[in-house]
Amino acid sequence: MSSEAASTSTAGLAAGGDILSKLNTAKELKEKGDKAFQEGKLKDALASYHQSILYLSGLDKNALQKALGQPIPEPPPIEAVDQAAQEKPKTEVDILQEKIYSNMSQCHLSNQNWKRAVETADKALSYNPKNRKALFRKAKAQGELGYFEKAEKILEDLIKDAEPTEKDACQKELDRLRAIDKERERAHNQKLKGFLNKEKINLGAD
């Protein structure tokens with residue numbers, strides 16, 4: 001092997017080692033975030049998840065696949081690109097980011113930061129549109145924001161093929177949101193009725 005080839009090979013191994021090191025750091029940060037969340041330390045959990053995402057975002061996925069000794073996912077054939085059912089091949093980085101964003105969504109739910117809960121759930125769903133935890137969390141946050149129809153649609157779809165335990169949780173959330181929506185509608189109608197009655201009184205005052 002020529003000195004130039006040897007140098008290139010050594011550089012490649014070093015780069016691969018650096019990539020794997022960053023991946024392992026990202027995994028450790030995710031685990032740290034999971035532990036913090038379980039302990040109720042939501043701020044710490046979100047900080048660790050955010051740091052993990054920063055490490056993962058800077059990785060070259062193809063280089064990582066090579067470093068892991070795994071094949072680089074082939075792009076879908078041209079005729080399949082626009083098919084909604086076409087699933088993109090996922091790397092280990094994609095899977096980790098999906099889980100982290102879904103967990104971040106749960107943290108934001110616990111903090112009652114509904115908008116951020118929806119945003120991070122959407123990011124998880126961009127990696128896997130069928131992530132049921134992310135869908136449930138998105139529906140819950142949307143309901144809290146007042147988007148009842150959107151939340152209802154997601155929960156109804158989840159219930160269709162849910163396991164018994166999951167179905168019960170989705171149904172309870174659906175019932176809760178419907179009750180909130182009904183109460184808000186009642187309060188709105190009551191307020192409108194009071195306004196109309198006031199108008200009648202004013203009209204009759206002359």
Q: Would you say Phe148 and Arg184 make side-chain contact, with heavy atoms under 4.5 Å?
A: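 Phe148 reaches Arg184 side chain to side chain.
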
Q: Spell out, yes or no, whether Ile180 and Trp114 are grouped together once hydrophobic residues are joined by side-chain heavy atoms under 4.5 Å, including indirect joins.
A: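 Looking at the clustering, Trp114 is in a separate group from Ile180.
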
Q: Identify the two heavy atoms, one from Gly33 and one from Ala45, that lie closest to each other, and give their separation to 0.1 Å.
A: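 It is O-CB, 3.4 Å.
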
Q: Are Lys160 and Asp157 within salt-bridge range, i.e. N to O under 4.0 Å?
A: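 Yes, this pair counts.
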
Q: Does one hydrophobic cluster hold both Tyr101 and Leu125, with members joined at side-chain heavy-atom distances below 4.5 Å?
A: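 No, because Tyr101 and Leu125 fall into different hydrophobic clusters, even though each may have its own neighbours under 4.5 Å.
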
Q: Give, for atom CG of Leu177 and atom CD of Glu152, the distance between the pair rounded to the nearest 0.5 Å.
A: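 Going from CG on Leu177 over to CD on Glu152, the span is 8.5 Å.
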
Q: For the atom pair CZ (Arg132) and CG (Asp161), what is the distance rounded to the nearest 0.5 Å?
A: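 So the gap between those two atoms works out to 4.5 Å.
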
Q: Quick one, Asn103 and Lys30 - any side-chain contact, counting heavy atoms below 4.5 Å?
A: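 Result yes, sub-4.5 Å side-chain heavy-atom pair found.
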
Q: Atom OG in Ser102, atom NZ in Lys138: separation rounded to 0.5 Å?
A: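 It is 12.5 Å, given to the nearest 0.5 Å.
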
Q: Is there a side-chain contact between Lys140 and Arg176 in this structure, where contact means two heavy atoms from C-beta onward sitting under 4.5 Å apart?
A: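 Lys140 reaches Arg176 side chain to side chain.
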
Q: Once you round to the nearest 0.5 Å, how far does OG of Ser57 lie from NZ of Lys22?
A: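 It comes to 11.5 Å.
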
Q: Considering only heavy atoms from C-beta outward, does the side chain of Ser110 approach that of Phe37 to under 4.5 Å?
A: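 Heavy-atom side-chain distance check passes, below 4.5 Å.
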
Q: Considering all heavy atoms of both residues, which atom of Ala139 and which atom of Ala151 are nearest to each other, and what is their separation?
A: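 Smallest heavy-atom distance, with atoms named: O-CB, 3.2 Å.
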
Q: Please check: side-chain N/O of Tyr49 versus main-chain N/O of Asp34, any donor-acceptor pairing under 3.5 Å?
A: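 Checking the backbone N and O of Asp34 against the side chain of Tyr49, a donor-acceptor pair under 3.5 Å is found.
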
Q: For Tyr127, which of Lys90, Gln97, Glu98 qualifies under side chain to side chain donor-acceptor pair (under 3.5 Å)?
A: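 Only one of Lys90, Gln97, Glu98 forms a side chain to side chain donor-acceptor pair (under 3.5 Å) with Tyr127, namely Gln97.
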
Q: Of the non-hydrogen atoms in Ser105 and Thr120, which two are nearest, and what is the gap between them?
A: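 In terms of heavy atoms, the two residues are closest at CA-OG1, 3.1 Å.
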
Q: Following the transitive rule for hydrophobic clusters with a side-chain heavy-atom cut-off under 4.5 Å over Ile, Leu, Val, Met, Phe, Trp and Tyr, establish whether Tyr55 and Leu20 coincide in one cluster.
A: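 They do not share one cluster, since no chain of ILVMFWY contacts under 4.5 Å joins Tyr55 to Leu20.
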
Q: Atom CG in Leu155, atom NZ in Lys172: separation rounded to 0.5 Å?
A: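 If I round to the nearest 0.5 Å, the distance is 14.0 Å.
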
Q: Decide whether Asp168 and Thr165 meet the rule of one side-chain donor and one side-chain acceptor closer than 3.5 Å.
A: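 Short answer, no.
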
Q: Using 0.5 Å steps for rounding, measure from the CG atom of Asn111 to the CD atom of Gln106.
A: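 Reported to 0.5 Å precision, the distance equals 10.0 Å.
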
Q: Are the charged groups of Lys35 and Glu39 less than 4.0 angstrom apart, N to O?
A: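 Between Glu39 and Lys35 there is a salt bridge, with a charged N closer than 4.0 Å to a carboxylate O.
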
Q: Are the side chain of Ser48 and the backbone N or O of Asp44 linked by a donor-acceptor pair below 3.5 Å?
A: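 Side chain of Ser48 to backbone of Asp44, a donor-acceptor pair under 3.5 Å: yes, one is there.
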
Q: Establish whether Leu42 and Ile100 are linked, either directly or via other cluster members, by ILVMFWY side-chain heavy-atom contacts under 4.5 Å.
A: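 Same cluster: Leu42 reaches Ile100 through Ile, Leu, Val, Met, Phe, Trp or Tyr contacts under 4.5 Å.
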
Q: Kindly determine whether Asp94 and Thr91 satisfy side chain to side chain donor-acceptor pair (under 3.5 Å), including the steps that lead there.
A: CA-CA 5 Å; Asp94 293 329; Thr91 64; 3.2 Å; yes

Q: Honestly curious: do Met104 and Val118 fall in one hydrophobic cluster under the side-chain, below-4.5 Å linking rule?
A: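 Looking at the clustering, Val118 is in a separate group from Met104.
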
Q: Do you see a donor-acceptor pair shorter than 3.5 Å between the side chains of Asp175 and Gln171?
A: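 Per modelled atom types, Asp175 and Gln171 side chains form a pair under 3.5 Å.
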
Q: Does the pair Leu46 and His108 meet the rule for a side-chain contact (heavy atoms from CB on, under 4.5 Å), with working shown?
A: CA-CA 9 Å; Leu46 284 169; His108 289 307; 3.8 Å; yes

Q: Please say which of Glu173, Glu156, Glu183, Glu185 ends up in a salt bridge (charged side-chain N to carboxylate O under 4.0 Å, His left out) with Arg178.
A: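 Checked Glu173, Glu156, Glu183, Glu185 against Arg178; only one passes salt bridge (charged side-chain N to carboxylate O under 4.0 Å, His left out): Glu156.
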
Q: Would you check if the side chain of Arg137 reaches a backbone N or O of Ala117 as a donor-acceptor pair within less than 3.5 Å?
A: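 No: the side chain of Arg137 does not pair with the backbone of Ala117.
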
